[in-house]
Amino acid sequence: MPLLRRTTAPVADDEFDAEGTGVDPSYTAGKGRPTPKRSDARKTRRQPVPKNRREADKRRRERDREQRRLMRSALQTGDERHLPARDRAPGRRLARDIVDSRFMLGQFALIMIVVLFV
């Protein structure tokens with residue numbers, strides 16, 4: 001008896017999918033090409049080694065700048081893939097949704113101040 005685990009119901013062979021075609025719902029189609037050899041995959045991932053420390057620092061700064069740009073855009077759009085690790089938790093997502101959905105009078109504070117001065 002598994003404790004605190006999700007269990008799935010066994011799939012019968014005679015079950016049909018939504019269209020009624022009789023395809024096994026657990027079947028996933030292949031990717032359409034053979035899996036590359038490990039040595040070939042390493043070659044494609046490999047980047048040239050920097051010639052000196054200055055060039056390595058320049059690459060690191062560019063990589064960090066791009067990562068910060070992705071995080072900043074993710075915070076604005078809500079894209080969970082590029083959020084910082086501290087903001088990916090489900091509780092943080094719920095808090096963001098609650099804060100973003102409620103109506104605050106402070107949103108119109110600047111407009112009200114301008115109207116009062118006029």
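Just so we're clear, the structure is a prediction, and the values are computed from it rather than from any experiment.
Looking at Arg69 and Glu66, a side-chain N of the basic residue comes within less than 4.0 Å of a carboxylate O on the acidic one, giving a salt bridge. A salt bridge links Asp57 with Arg60: at least one charged nitrogen is closer than 4.0 Å to a carboxylate oxygen. Residues Arg92 and Glu80 are not paired through a salt bridge, judged by the lack of any N-O separation under 4.0 Å between the basic side chain and the carboxylate.
Hydrophobic clustering places Ile111 together with Leu105 (ILVMFWY residues linked when any side-chain heavy atoms are closer than 4.5 Å, directly or through intermediates). When the side chains of ILVMFWY residues are joined at heavy-atom separations under 4.5 Å, either directly or via intervening members, Met112 and Leu110 end up in two distinct hydrophobic clusters.
The distance from the CZ atom of Arg61 to the CZ atom of Arg68 is 10.5 Å, given to the nearest 0.5 Å. Atom CZ of residue Arg42 and atom NZ of residue Lys37 lie 13.5 Å apart, to the nearest 0.5 angstrom. Taking CZ from Arg38 and NZ from Lys43, the interatomic distance works out to 14.5 Å, rounded to the nearest 0.5 Å.
Residue Phe117 is tested with Val115, Ile113, Val114 for a side-chain contact (heavy atoms from CB on, under 4.5 Å); the sole match is Ile113.
No side-chain heavy atom of Asp87 sits less than 4.5 Å from a side-chain heavy atom of Met71. At least one side-chain heavy atom of Pro50 sits under 4.5 Å from a side-chain heavy atom of Arg59.
For Asn52 (side chain) and Glu55 (main-chain N/O), a donor-acceptor pair under 3.5 Å exists by modelled atom type. Under a 3.5 Å cut-off, the side chain of Arg88 and the backbone N or O of Leu83 do form a donor-acceptor pair.
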